[in-house]
Amino acid sequence: MVAAGVAATAALLAVLLSVHWFPTPASTRAHEVRTLYDVLLIASVPIFVTVCVVIVTAVIRFRMRPGQEHMDGPPIHGNTMLEVAWTTVPALLILSLCVYSYVVLHDIEAAPARGSPKQLDVGVVAQQFAWQFVYPPSVTGGAPLTTTTLELPVGRSVLFSMHSQDVIHSFWVPSFAAKEDVVPGLTTHLRATPDRLGTYPIVCAELCGIGHAFMRSSVSVVTAAAFAAWVKRRAGPLVPPSAGSRGLVAAGRAEFTGTSGCSGCHSLADARATGTIGPDLDVGLKGRTAAFIRQCIVDPNSVAPPGYPKNVMPATFARTLTKTQIQALVTYLHTVAGR
Ligand code: CUA
């Protein structure tokens, strides 16, 4: 039994530890989570194997043989030593794994130590079915910057403060080994320190409606210098509206990139929006009338172009936006994309 157990443990551990279970780790916490996972594997495989070997051996060796149908096994009176052992050993094992997990959790949620680079604050806004990221004035040095993809400097601890505009979503960056629910009415927090350059997916991990599967974005981890240049480029003032009712156009642009969340899903050159979930508005609205654009906002299902499933764009804007907000959006879109 011992020989079979040791051999099975070694074989199983060799297989399990050689499989790449996780995506490329790109944050300091991802490494700690991976080590924790390996330690849990190493601790649990021998126990699993022991249980299996004992059960299989017992079934084979002590099985009922012909002629034993009416026999009973020997009466068992218990074994104090054994009972103490099988209670204490698992208890100690679980306790130490709990302590180790707690240490890892505490570690990955800790604010940066003194002397390390200052933490970066980023807001995350979840909405059916898009992510928006808000860089506060402390980062931009001016007005807050709202984007639909995330850009982060390498080696700096990021504190995400997250809220939802509608239902429960979950912000998940698999490569950061970081996931946290985004709940309406609450601000939830998540911390990660990217430590590898590259672009990684951001996924919504909570079923949030018909467009849940489309609720994706990406995070680019860049050097500190590239990040500073990116913020400078993106946070600069937008080109002022050239024609039309200036007030409404400006208000419409603010709606488009801000609270209404249009830029999360659509591309529009004027707003520097690069969303790909919904149609590209520079293309889709070209030559269209203001009435058509209004219909797109208040009754999107009636105009959804081929390839864009219905109900991915919420059909509730007639209710959730005021008349003025809709008017501003229509004027803005007609001015910058319709002509
Ligand atoms: Cu948002 Cu699923």
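Remember, it's 1-based here, ligands and their atoms both numbered in the order they're listed. What's counted below: heavy atoms across the whole structure, side chains too, no hydrogens, waters or symmetry copies.
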Who pairs with F48 by ring pair (Phe, Tyr, Trp, His ring centres under 6.0 Å), at least two apart in sequence or on another chain?
-> none

Heavy atoms, side chains only, cut-off 4.5 Å: are H212 and C204 in contact?
-> yes

Where do F133 and F160 land on the ring pair (Phe, Tyr, Trp, His ring centres under 6.0 Å) test, with the steps shown first?
-> CA-CA 9 Å; F133 308 101; F160 297 102; 7.6 Å; no

Those residues at least two apart in sequence (or on a different chain) that pass ring pair (Phe, Tyr, Trp, His ring centres under 6.0 Å) with F214 are none

With sequence neighbours excluded, residues passing ring pair (Phe, Tyr, Trp, His ring centres under 6.0 Å) with F129 | none

Would you verify whether the NZ or CZ of R253 falls within 45 degrees of the ring axis of F256 while also being under 6.0 Å from that six-membered ring's centre?
-> no

Heteroatom count (protein N, O or S) under 2.8 Å of atom 1 (Cu) of ligand 1 = 4

